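Protein chains get the first letters and strands the later ones, always in sequence-line order, with residue 1 at the start of each. What you see is a predicted model, and the numbers here were worked out from it, not measured in a lab.
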Number of protein chains: 2
Amino acid sequence: MEDLTEMLKGTLEGCVLEIIAGEETYGYAITRRLNDLGFTDVIDGTVYTILLRLERNGLVQVAKRRSEVGPPRKFYTLNEAGRRELATFWSKWEYVSSRIDRLKEAGR
Amino acid sequence: MEDLTEMLKGTLEGCVLEIIAGEETYGYAITRRLNDLGFTDVIDGTVYTILLRLERNGLVQVAKRRSEVGPPRKFYTLNEAGRRELATFWSKWEYVSSRIDRLKEAGR
DNA sequence: TAGTGGTACCCGGTAGTACGAGGTACCAAC
DNA sequence: GTTGGTACCTCGTACTACCGGGTACCACTA
């Protein structure tokens, strides 16, 4: 599936939040996870900008730890504000996607 | 539901295409339709920019007709390219929304 | 020990989209 | 003749994902 970038706007950040909520993880691994989920064209640069935004907005806690296979990793965890943000993301998603699905069903 | 604007990026144009596919209609009515569908904060300026884009991209046919209750209306119909674009929009939507739903389900 | 490949992070600039805030104009009714 | 609803448009802004590039750690090997 090519060129999903416009459709991912506004949802990719929520996906990253959800992945972090699932387990403490780091940028490179998040990119891989998104690619495995089917968002094959999402690149690391995009993920890092999202992570920096999350940090700037005070939604995550960051811990830098050394790795044995490369440079140090920055591990991310959701704080209370991040969990709230994730909850509102899912409620927005529920709201929008249900209405779009309804429009789709109506048209056939 | 407030501030859905980021999440609507990339999907609003598809919604407009679907509405036009349903029946020949015009900008002001499309805005009302979107508001009724639950996208209460979508304003006419946004819809008109989308319609001009559709026209510029050769996806619609336009017919100006006078109204009895106000200024003339520009009625839009999908052409063949527009129907193809609508189909690819729905397939992208299916792809993206199913994967996001899967991510959501996995996380609980 | 120079080179390669995988891991891991970041930055500056660009494109695309929805929105905000205005403006113009037609028509009916009071 | 002013108000309110209808109907269109335009310019600038904010936000987000992407692109292309750079830096650096580590293991392996020619």
### Summary
The contact string for nucleotides 20-30 of chain C, one letter per nucleotide 5' to 3', using protein heavy atoms under 4.0 Å with B, S and - for base, sugar-phosphate only and none, comes out as B----BBS---
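Ionic pairing of A/Glu105 and A/Arg102 is not present here: no N-O contact between side-chain nitrogen and carboxylate oxygen is shorter than 4.0 angstrom.
Separating the CG atom of A/Leu34 from the P atom of D/dA17 is a distance of 11 Å, rounded to the nearest angstrom. Distance CG (B/Leu12) to C1' (D/dC15): 16 Å, rounded to an integer number of Å. Remark: P of D/dT10 and CG of B/Leu52 are 6 Å apart, rounded to the nearest angstrom. Distance CD (A/Glu55) to C1' (C/dC10): 12 Å, rounded to an integer number of Å. When the P atom of D/dC8 is taken as reference, atom CZ of B/Arg65 falls 12 Å away, rounded to whole Å. Atom-to-atom, CG of A/Leu4 to P of C/dT17 comes out at 14 Å; the value is rounded to the nearest Å. Taking atom CG on A/Asn57 and atom P on D/dA14, their separation rounds to 16 Å, with Å as the unit. Here the C1' atom of nucleotide D/dC8 and the CG atom of B/Leu51 are 10 Å apart, to the nearest Å.
Remark: B/Lys64 is not in phosphate contact with D/dA7, judged by side-chain N or O atoms under 4.0 Å from OP1 or OP2. Neither OP1 nor OP2 of C/dA8 sits under 4.0 Å from any side-chain N or O of A/Tyr48. In this structure, A/Tyr26 does not reach the C/dC9 phosphate: none of its side-chain N or O atoms is under 4.0 Å from OP1 or OP2. Proximity of B/Arg32 to the phosphate of D/dT6: a side-chain N or O atom is located under 4.0 Å from OP1 or OP2. At C/dA18, one or more side-chain N or O atoms of B/Arg53 fall inside 4.0 Å of OP1 or OP2 (strictly under the cut-off).
Residues in residues 1-12 of chain B take part in these salt bridge (charged side-chain N to carboxylate O under 4.0 Å, His left out) pairs, two or more places apart or across chains: B/Glu6-B/Lys9. Sorted by first and then second residue, the pairs that involve residues 84-94 of chain B and meet side-chain hydrogen bond (donor to acceptor under 3.5 Å, both in side chains), not counting sequence neighbours, are A/Asp101-B/Trp93, A/Lys104-B/Glu94, B/Glu18-B/Trp90. Within the structure, every pair that satisfies the side-chain hydrogen bond (donor to acceptor under 3.5 Å, both in side chains) test and touches residues 43-59 of chain B, not counting sequence neighbours, is listed here: B/Glu13-B/Arg53.
Between the side chain of B/Arg32 and the backbone N or O of B/Tyr28, no donor-acceptor pair lies under 3.5 Å.
With sequence neighbours left out, A/Phe75 forms a ring-ring contact (aromatic ring centres under 6.0 Å, His included) with A/Tyr26. Residues satisfying the salt bridge (charged side-chain N to carboxylate O under 4.0 Å, His left out) criterion with B/Arg66, sequence neighbours excluded, are absent altogether.
A donor-acceptor contact under 3.5 angstrom links the side-chain atoms of B/Lys9 to the base of D/dC15.
DNA chain C is contacted by both A/Tyr28 and A/Glu6; A/Tyr28 maps to the nucleotide lying nearer its 5′ end (nearest heavy atom per residue).
Closest approach to the A/Val42 side chain among C/dC11, D/dC18, D/dC9 is made by D/dC18 (side chain taken as heavy atoms from C-beta onward).
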